[in-house]
*Asks:* 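Take a look at the following structure, please.
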Amino acid sequence: MKSLKLLVDWIEKADIFLSDAEKHLAEGHYWLVCFESHQAAELYLKSLIVSATGFHPYTHDLLELVDALKSIGVNVEEDIVIASDLLTPHYTLSRYPGRKTIKYNRERAERCLGSAKKVVEWVKRVADP
């Protein structure tokens, strides 16, 4: 794939979400870490899609974004698929009290943050090979 320029305004927001996730991990706000990690990954994936196509799917499902990348010929590594799958539920589950079917703890928050960082680094590599 040719070198792509990621959209600065999308990446700035994504990087703030990622930075905030690290801060909230230290503060013990684990549900928020998972939400912010999802948002960072989503914005990076969408920035890559928009850079390549000029548009993005209107979804918060990271697997749909991965499928969109695959459909335009991007070779998405399996660990990025797994990271995206792990993060997708936290867009909704983390934000609605009383509807949580999972427990937000440090271990889950660290997994979410690690998955987001994996997606971010992968997008950067794909955009500028």
Side-chain angles (χ1 to χ4, degrees):
M1 176 175 244
K2 67 178 182 154
S3 182
L4 297 171
K5 182 166 174 47
L6 295 174
L7 305 173
V8 173
D9 51 342
W10 290 60
I11 298 308
E12 285 176 353
K13 287 182 181 187
D15 288 344
I16 289 169
F17 276 120
L18 205 55
S19 174
D20 284 351
E22 290 174 342
K23 179 181 79 166
H24 289 126
L25 179 64
E27 294 171 350
H29 302 297
Y30 303 132
W31 68 270
L32 191 51
V33 173
C34 293
F35 173 73
E36 291 166 332
S37 295
H38 173 279
Q39 288 299 118
E42 179 181 338
L43 290 169
Y44 263 90
L45 289 169
K46 284 183 176 177
S47 179
L48 183 59
I49 293 168
V50 173
S51 295
T53 67
F55 69 93
H56 66 84
Y58 289 93
T59 184
H60 300 289
D61 186 326
L62 303 186
L63 290 176
E64 286 184 28
L65 298 177
V66 163
D67 286 344
L69 287 165
K70 288 179 180 179
S71 75
I72 60 170
V74 176
N75 180 23
V76 182
E77 300 165 5
E78 185 61 24
D79 61 333
I80 301 307
V81 174
I82 292 168
S84 297
D85 190 37
L86 183 142
L87 288 168
T88 290
H90 301 293
Y91 176 75
T92 303
L93 291 178
S94 64
R95 298 180 300 134
Y96 295 101
R99 296 193 42 106
K100 295 178 183 148
T101 57
I102 58 174
K103 180 170 175 51
Y104 284 97
N105 55 28
R106 183 170 191 86
E107 181 181 341
R108 184 175 307 279
E110 287 173 343
R111 234 181 0 255
C112 287
L113 185 55
S115 292
K117 288 179 177 180
K118 189 177 291 188
V119 170
V120 166
E121 291 307 313
W122 176 81
V123 168
K124 288 178 181 178
R125 282 194 318 273
V126 169
D128 191 19

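Only this structure's heavy atoms are used, side chains among them; waters, hydrogens and symmetry mates stay out. Just so we're clear, the structure is a prediction, and the values are computed from it rather than from any experiment.
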*Asks:* Working to the nearest 0.5 angstrom, can you tell me the gap between S84 OG and L45 CG?
*Replies:* 5.5 Å
*Asks:* Please check this pair: side chain of R108 against backbone of Y30, looking for a donor-acceptor N/O pair closer than 3.5 Å.
*Replies:* no
*Asks:* For a quick test of reading the model, state the closest non-hydrogen atom pair linking L7 to S47 and the distance between them.
*Replies:* N-OG, 2.8 Å
*Asks:* Below 4.5 Å, heavy atoms only, C-beta onward: do V123 and L6 meet side chain to side chain?
*Replies:* yes
*Asks:* Between H38 and C34 (side chain of the first, backbone of the second, donor and acceptor by atom type, cut-off under 3.5 Å), is there such a pair?
*Replies:* no
*Asks:* Grab the two heavy atoms, one from W10 and one from H56, that are nearest each other, plus how far apart they are.
*Replies:* CH2-CD2, 3.4 Å
*Asks:* Can you tell me how far NZ of K46 sits from CZ of F55, rounded to the nearest 0.5 angstrom?
*Replies:* 12.5 Å
*Asks:* Who are the side-chain contact (heavy atoms from CB on, under 4.5 Å) partners of V120, not counting sequence neighbours?
*Replies:* L18, Y44, K124
*Asks:* Please name all residues satisfying ring pair (Phe, Tyr, Trp, His ring centres under 6.0 Å) with W122, sequence neighbours left out, ordered by chain then number.
*Replies:* none
*Asks:* What closest approach, in Å, do R106 and L25 show between heavy atoms, and which atom pair accounts for it?
*Replies:* NH1-O, 3.2 Å
*Asks:* Quick one: does K13's side chain have a donor or acceptor within less than 3.5 Å of a partner on Q39's backbone?
*Replies:* no
*Asks:* Do the side chains of E36 and K23 get close enough for a salt bridge, i.e. N-O under 4.0 angstrom?
*Replies:* no
*Asks:* Would you say Y104 and H90 are linked by a side-chain donor-acceptor pair, where the criterion is simply a distance under 3.5 Å?
*Replies:* yes
*Asks:* Measuring from atom CD1 of I49 to atom CD1 of I72, what distance do you get when rounded to the nearest 0.5 angstrom?
*Replies:* 6.5 Å
*Asks:* Which value, rounded to the nearest 0.5 Å, describes the distance between I80 atom CD1 and L62 atom CG?
*Replies:* 11.0 Å
*Asks:* Applying the 4.5 Å side-chain criterion to the ILVMFWY set and letting contacts propagate, would I16 and L113 be lumped into a single cluster?
*Replies:* no
*Asks:* Which pairs with one or both residues in residues 57-70 pass salt bridge (Lys or Arg N to Asp or Glu O under 4.0 Å), sequence neighbours excluded?
*Replies:* none
*Asks:* Check step by step if side chain to side chain contact (heavy atoms under 4.5 Å, CB included) holds for E27 and E22.
*Replies:* CA-CA 9 Å; E27 294 171 350; E22 290 174 342; over 6 Å; no
*Asks:* May I ask you to test the E77-K118 pair for a side-chain heavy-atom distance under 4.5 Å?
*Replies:* no
*Asks:* Same cluster or not: I82 versus V76, using hydrophobic residues (I, L, V, M, F, W, Y) connected whenever any side-chain heavy atoms lie under 4.5 Å apart?
*Replies:* no
*Asks:* Return the minimal non-hydrogen interatomic distance between T59 and E42, and the atom names on each side.
*Replies:* O-OE2, 3.5 Å
*Asks:* V126, L63: one ILVMFWY side-chain cluster at the under-4.5 Å cut-off?
*Replies:* yes
*Asks:* How long is the span from the CD atom in E107 to the SG atom in C112, to the nearest 0.5 Å?
*Replies:* 11.0 Å
*Asks:* Between the side chains of E121 and K117, is the shortest nitrogen-to-carboxylate-oxygen separation below 4.0 Å, so that they form an ion pair?
*Replies:* no
*Asks:* S37 side chain to A116 main-chain N or O, any donor-acceptor pair under 3.5 Å?
*Replies:* no
*Asks:* Short question: side chain of S19, backbone of D15 - any donor-acceptor pair under 3.5 Å?
*Replies:* no
